[in-house]
Number of protein chains: 2
Amino acid sequence: MTQTATRETALKEAEAACLRRGATLTPLRRQVLELVLDADAPVGAYALLDRLKATRPGAAPPTVYRALDFLLEQGLIHKLERLNAYIGCTDAGHGHAHDHHHPHQFLICRTCGATTEITDHGVAHAIEAAARRAGFALAEATVEIEGTCARCLA
Amino acid sequence: MTQTATRETALKEAEAACLRRGATLTPLRRQVLELVLDADAPVGAYALLDRLKATRPGAAPPTVYRALDFLLEQGLIHKLERLNAYIGCTDAGHGHAHDHHHPHQFLICRTCGATTEITDHGVAHAIEAAARRAGFALAEATVEIEGTCARCLA
DNA sequence: TGCACTCTGAGATATTATATCATCGAGCGA
DNA sequence: TCGCTCGATGATATAATATCTCAGAGTGCA
Ligand SMILES: [Zn+2]
Ligand SMILES: [Zn+2]
Ligand SMILES: [Zn+2]
Ligand SMILES: [Zn+2]
């Protein structure tokens with residue numbers, strides 16, 4: 001399965017997921033999603049804006065931020081808080097497509113920048129347990145693990 | 001033990017910790033640390049700058065960011081990535097004072113803003129295990145748990 | 001004295017994100 | 001058809017966060 005194929009699959013699933021929820025993946029939003037998916041690493045909003053301007057000269061910061069907000073809301077992308085950058089959700093459509101906000105974690109390589117989304121239930125459960133012990137009602141957890149990826153270690 | 005007393009204790013321990021490592025907690029750095037500790041919630045860099053200007057009119061963004069960098073480096077404060085704000089390390093000096101960067105997590109209340117640092121070994125171990133399974137060499141993990149605190153739930 | 005080093009001052013600039021108001025078009029009922 | 005509302009986008013300005021760069025002051029040391 002080629003990269004392009006997985007991208008097309010992801011886009012189709014995104015359309016479907018939005019439809020199910022009564023949300024609209026407009027051409028603009030779809031284009032921003034494509035730009036995020038095309039990048040091979042997390043992308044900043046202004047990098048997206050630059051690329052967007054190639055085909056949409058009038059684009060401005062709110063253009064891209066509004067699209068990003070929508071995509072975040074729909075769970076189609078995630079924000080990496082440490083990097084102020086955005087990345088496509090790897091799990092969208094693979095198991096819990098209808099979950100807007102599934103628990104997830106990121107592995108961020110400081111050497112090559114590669115960023116991998118994982119869904120580790122051990123981590124998720126440990127966080128739930130810690131919150132429960134503190135009498136804290138968990139809404140969402142940000143987990144960003146920085147270090148060196150397997151490729152860079154080899 | 002009063003709040004002021006714990007603050008003074010924290011400052012003394014900070015001095016001691018810096019000394020041990022051959023780092024210098026200069027008056028400026030100490031003052032920024034005091035400002036962070038005095039706040040009853042995470043503080044933004046520009047809020048610190050405003051307060052700093054009261055006694056140090058020439059202060060500029062680099063003044064506060066340089067101090068924050070030092071304090072982060074020394075493990076005396078932490079940054080909350082979701083909030084772009086800084087908070088004093090609760091654990092400095094209580095158990096692993098000499099650890100520059102101990103594993104830690106935050107519970108952030110979306111209702112009242114209260115932010116609590118915890119050191120949950122279950123979470124820490126789960127993250128280590130997840131990284132290991134991915135062949136990833138962990139350097140540092142950001143864990144920020146958002147939701148509603150016990151007080152706001154009551 | 002001369003030099004290296006750390007810290008701070010000062011100004012400019014870069015980067016990330018939001019506020020506000022106007023416009024456009026689809027949907028829809030009167 | 002008209003007028004209304006609503007969601008989406010265009011367009012401009014501004015806010016909030018963070019960094020770059022050069023200069024000067026102090027300290028310790030050869
Ligand atoms: Zn995901
Ligand atoms: Zn790597
Ligand atoms: Zn801490
Ligand atoms: Zn609360």
Side-chain angles (χ1 to χ4, degrees), chain A residues 14-15 18-19 21-36 39 41-74 76-87 113 142 144, chain B residues 14-15 18-19 21-36 39 41-74 76-87 113 142 144:
Chain A
E15 302 256 28
C18 288
L19 251 178
R21 298 174 199 133
T24 320
L25 188 63
T26 63
L28 173 59
R29 290 164 175 172
R30 189 190 154 102
Q31 191 182 348
V32 172
L33 178 55
E34 286 179 41
L35 289 171
V36 172
V43 221
Y46 280 74
L48 291 170
L49 178 54
D50 284 345
R51 293 169 204 181
L52 200 53
K53 278 178 176 163
T55 60
R56 206 179 274 261
T63 311
V64 64
Y65 278 105
R66 285 192 288 227
L68 289 171
D69 285 347
F70 173 87
L71 298 170
L72 287 167
E73 182 63 29
Q74 296 300 317
L76 299 172
I77 64 172
H78 299 297
K79 177 174 183 184
L80 287 145
E81 299 290 343
R82 304 270 317 208
L83 307 177
N84 293 317
Y86 305 84
I87 193 171
T142 299
E144 300 181 6
Chain B
E15 302 256 29
C18 288
L19 251 176
R21 298 174 201 133
T24 318
L25 188 63
T26 63
L28 172 60
R29 290 164 176 174
R30 189 190 154 102
Q31 190 182 350
V32 172
L33 178 55
E34 287 178 39
L35 289 172
V36 174
V43 220
Y46 280 74
L48 292 170
L49 178 55
D50 284 345
R51 293 168 203 182
L52 199 55
K53 278 178 176 165
T55 60
R56 208 179 272 260
T63 311
V64 64
Y65 278 105
R66 284 192 289 226
L68 289 172
D69 285 346
F70 173 86
L71 297 170
L72 287 167
E73 181 65 28
Q74 296 298 317
L76 298 172
I77 64 173
H78 299 296
K79 177 174 184 184
L80 286 145
E81 300 289 343
R82 305 271 316 210
L83 308 178
N84 292 317
Y86 305 84
I87 193 172
T142 299
E144 299 180 8

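Just so it is clear: chains get the letters A, B, ... in the order the sequence lines come, proteins before strands, and each one is counted from 1.
Using a 4.0 Å heavy-atom cutoff across all strands shown, Ala60(A) reaches at least one base atom of the nucleic acid. At the heavy-atom level, Phe70(B) lies nowhere under 4.0 Å from the strands shown.
Ranking dC7(C), dG9(C), dT18(C) by closeness to the Arg56(B) side chain, first place goes to dG9(C).
Contact of Tyr65(A) with dA19(C) (side chain to base): no donor-acceptor pair of N or O atoms is detected under 3.5 Å.
The separation between Gln74(B) atom CD and dT6(C) atom C1' is 14 Å, rounded to whole Å. Leu49(A) has its CG atom 12 Å from the C1' atom of dT16(C), to the nearest Å. Whole-Å rounding puts the Asp69(A) CG to dT16(C) C1' distance at 13 Å. Rounded to an integer number of Å, the gap from Arg82(B) CZ to dT16(C) C1' is 16 Å. Distance CG (Leu48(A)) to P (dT15(C)): 15 Å, rounded to an integer number of Å. Taking atom NZ of Lys79(B) as the reference point, atom P of dT16(C) lies 12 Å away to the nearest angstrom.
OP1 or OP2 of dT8(C) lies within a sub-4.0 Å distance of a side-chain N or O belonging to Arg29(B). At dT8(C), one or more side-chain N or O atoms of Thr26(B) fall inside 4.0 Å of OP1 or OP2 (strictly under the cut-off).
Between Arg66(B) and Ala47(A), it is Arg66(B) whose nearest contact on DNA chain C lies nearer the 5' terminus. Toward the 5′ end of DNA chain C lies the nearest nucleotide of Gly58(B), the other residue of the pair Gly44(A) and Gly58(B) mapping further downstream.
The distance from the CG atom of Leu83(B) to the CD atom of Glu81(A) is 9.0 Å, given to the nearest 0.5 Å. One finds the OG1 atom of Thr24(B) at 10.5 Å from the CD atom of Glu15(B) (value rounded to the nearest 0.5 Å).
On the nucleic acid side, DNA chain D contacts chain A at distances under 4.0 Å to non-hydrogen atoms, with the end points of that region at dA8(D) to dT12(D).
Residue Leu35(B) forms a side-chain contact (heavy atoms from CB on, under 4.5 Å) with just one option from Val64(B), Leu52(B), Asp50(B), and that option is Leu52(B). Of the residues listed (Val43(A), Leu80(A), Leu68(A)), the one engaging Tyr86(A) in a side-chain contact (heavy atoms from CB on, under 4.5 Å) is Leu68(A), and it is the only one.
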Requested in this report: Report the C-alpha separation of Leu49(A) and Tyr65(A) in whole Å, then their side-chain angles, then the decisive distance to 0.1 Å, and conclude whether the side chain to side chain contact (heavy atoms under 4.5 Å, CB included) test is met.
Outcome: CA-CA 9 Å; Leu49(A) 178 54; Tyr65(A) 278 105; over 6 Å; no
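Tyr46(A) does not qualify as a stacking partner of the dT15(C) base, lacking a centre-to-centre distance under 5.5 Å together with planes within 30°.
Listed here is the closest heavy atom pair of Leu71(B) and Arg29(B): CD1-O, 3.9 Å. Closest approach of Ala39(A) to Arg51(A), counting heavy atoms only: CB-NH1, 4.0 Å.
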